[in-house]
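Notes follow once the structure below has been shown.
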Amino acid sequence: MALTLDTYRLLGRSGLRVSPLALGAATFGTEWGWGAEQDEARKLFDLYVERGGNFIDTASTYTNGSSERLLGEFTRDNRESLVLATKYTTLRRPGDPNSGGPHRKSLFASVEASLRQLNTDYIDLLYLHLWDFTTPVEEILRGMDDLVRQGKVLYVAISNAPAWQVSRMQAIADLRGWSPLVALQIEYNLIERTGERDLIPMAREMGLGVIPWSPLAGGVLTGKYSRDELTAKNAVSDDGTRKSLTIANGALTERNLAIVDVVKEVATELGRTPAQVGLAWTLQNPGVTAPIIGARTPAQLEDNLGALEVDFTASQLARLDEASTIGLGFPHDILARDSTRALTRGDMTVEARR
């Protein structure tokens, strides 16, 4: 069934309604060497909003703050109709260790900076961006709850953190009457499916909407890379481009390109682009609320939005699943065995137990 940007979904265990595709604003600004200039970024914003989109994702340090500043300008006339999500924890001032991290000092300073840059009185959704294995979870949760009580933040969420810590935090928030986490950002796509082991099931159980970042695996699933890149990757310089970043992150492998081959086959059958197939696949997971699309040009954004109209056959989904499948690992693999299920039901024969 085709979706549109105004086919709004509830975000996790909340009443907040968001579009099924979020607009990623990490491409707003050129400070990182590959983004959209102000006028082009404005076209991306206007196109998304005119189609009914209301969910926009940024972070305090994206493009050195330009992302938030541009959004602050673009949202002057329609701020209340949008759901602005931003993040804290990444270092805002090199050399100052307290300008980053999940702790209370970083949290409050980063939120104040985001409010100024976004030119707003409140943030709809605030994520902890990166887990650091250092700050006590009670400090994080209490700080977030204080900001909600002050009205500076409406909802809180988390990104890039272990499943056991997220579930622990959610339990503590519930028990102490603090603001619960309503969303979880993870890397999730046909190439990176390890979130299916614990993160996505945990999110569904604990009431968090899953917001996948990099749903096209850094552009690999668009089909723009070939096997020639495998032999040439060591020769690519660290020039700051998205291509060099993709290669440096190890995203170009024979396995990944084999997955892309199947994506291209399905795209041809459907009369769609590989990017649309890759994005549409993430939406098939019932735990996913809204993948984040990171287009740099209006043409790319138009193409990405076409993913909402993709309708797979069961056979096509099975082929995509088979090409990209991963082992779930212990204890999931053993718990999925027929013999284990039989043991828990108590109907296993003595012979089968051997």
Atom pair OG1 (Thr135) and CG (Leu141), whose distance is rounded to the nearest 0.5 Å: 11.5 Å
Minimum heavy-atom distance between Thr282 and Leu279, given as atom pair plus value: OG1-O, 2.6 Å
Among Arg76, Arg79, Glu68, side chain to side chain donor-acceptor pair (under 3.5 Å) partner for Thr120: Arg79
Enclosure of Arg142 CZ (heavy-atom neighbours >12, cutoff 6.0 Å): no
Heavy-atom pair of closest approach, residues Ala307 and Ala280: O-CB, 3.6 Å
Distance (rounded to the nearest 0.5 Å) between Leu71 CG and Leu82 CG: 9.0 Å
Salt bridge flag under 4.0 Å for residues Asp145 and Arg176: no
Passing option when Leu283 is tested against Pro291, Pro212, Pro215 for side chain to side chain contact (heavy atoms under 4.5 Å, CB included): Pro291
Salt bridge present between Lys105 and Glu139 (N-O < 4.0 angstrom): no
Straight-line distance of Phe55 CZ to Asp124 CG, nearest 0.5 Å: 9.0 Å
Neighbour count >12 (heavy atoms, 6.0 Å) for atom CG, Asp39: no
Value rounded to 0.5 Å, distance of CD1 in Ile259 from CD in Glu254: 10.5 Å
Intermediate values then yes/no, side chain to side chain contact (heavy atoms under 4.5 Å, CB included), Leu130 and Thr90: CA-CA 7 Å; Leu130 295 165; Thr90 49; 3.7 Å; yes
CD/Glu37: more than 12 non-hydrogen atoms of other groups inside 6.0 Å: no
Smallest separation among heavy atoms of Gly101 and Tyr88, with atom names: O-CE1, 3.5 Å
Closest non-hydrogen atom pair, Arg296 against Ala36: O-CB, 3.7 Å
Arg42/Glu73 salt bridge by N-O under 4.0 Å criterion: no
Side chains of Asn285 and Glu196, donor plus acceptor under 3.5 Å: no
Parallel, tilted or perpendicular: rings of Trp32 and Tyr62 (30°, 60°): perpendicular
Whether over 12 other heavy atoms sit under 6.0 Å from Glu322 CD: no
Separation of Gln185 CD from Thr289 OG1 (nearest 0.5 Å): 11.5 Å
Glu269 atom CD, over 12 foreign heavy atoms within 6.0 Å: yes
Pair Glu112 + Lys152, salt bridge at N-O below 4.0 Å: yes
Spatial distance of atom CD1 (Ile140) from atom CD1 (Ile158) [nearest 0.5 Å]: 6.5 Å
Passing option when Leu184 is tested against Met206, Gln170, Met202 for side chain to side chain contact (heavy atoms under 4.5 Å, CB included): Met202
